[in-house]
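Order of listing sets the numbers, starting from 1, for every ligand and every atom in it.
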Amino acid sequence: MTGTTSRAPRPAADSALELPRYLRESDDRRTPVAYAGYRSTALRAPLRTPVDLPQRLTEVTGPVLGEDRVTAADADLTLRMGGEAQGQRINVFGRVLDSDGRPVPDTLVEVWQANAAGRYRHVGDNWPAPLDPHFDGLGRVMTDSLGRYEFTTIQPGAYPWGNHHNAWRPAHIHFSLFGRAFTQRLVTQMYFPGDPLFWQDPIFNAIPPSARHRAIATFDLDRTQDNWALAFHWDIVLRGTDQTPFETDDDGDVA
Ligand SMILES: [Fe+2]
């Protein structure tokens, strides 16, 4: 995984084209791909040291997002299939920043989450909690010129996931960030403050202790909407000492 651009000098090439270079992720900042308490990582985590791919034209210039296909309705998960979702309405907002605190505009931010009862609309999720006919749990938005994003959604519920006896995931929203290059795909999860399930969740606890607070949103009373919605603030920092902990596995399963 890589993040913000750097214009550091590059070795001389055949052409005069200067490509942007993306900072490499340092081992001491990354969430481990294998974590003893997170059982399925034992089956899917690479056994060999990852190989950094060269950053050539394809890697640093693609893909074209087609952001014209992202509509305002995509950022409101509470209105789907002709009706309104059940649950506590919330606004989730923040900025995408680089390690120097500069906003990162034009980033595709995608989210997916369980419904208010803690169930995904997914073939692999069959635990006995109700589906909501007006909630698919999917949203997307582009960051604006100041790096800002905002979603209206439903407070997700906790759900059991079978990792160990009586294992429950703390409420969370999955985030994917897609920048202007294949090397800018980043995947993480946002948690809610004060969740009583943090202590027993190996996915949350796989994050280095010093970084865990950066995966938790802040309740923002000033941004709540009277008679409408609560508000949670969460900035995503790409690289540097304030870096948001990112997952190194982006398989997007229901865990
Ligand atoms: Fe999840």
Measuring from the Fe ion (ligand 1), name the closest N, O or S atom belonging to His172. NE2

Passing candidate, ring pair (Phe, Tyr, Trp, His ring centres under 6.0 Å) with Phe232, options Tyr191, Phe219, Phe93, Phe151: Phe219

Ignoring hydrogens and geometry beyond distance, is a side-chain donor-acceptor pair present between Gln200 and Arg169 at under 3.5 Å? no

Is there an N/O/S atom in Tyr159 at a distance below 2.8 Å from the Fe ion (ligand 1)? yes

Anything under 30° is parallel, anything over 60° is perpendicular, the rest tilted; go ahead and classify His172 against Tyr120. tilted

Is the Fe ion (ligand 1) less than 2.8 Å from an N/O/S atom of Tyr120, whether that atom is in the backbone or a side chain? yes

Using side-chain hydrogen bond (donor to acceptor under 3.5 Å, both in side chains), reason through Asn91 and Gln225 one step at a time and then give a plain yes or no. CA-CA 9 Å; Asn91 287 329; Gln225 295 174 272; 2.4 Å; yes

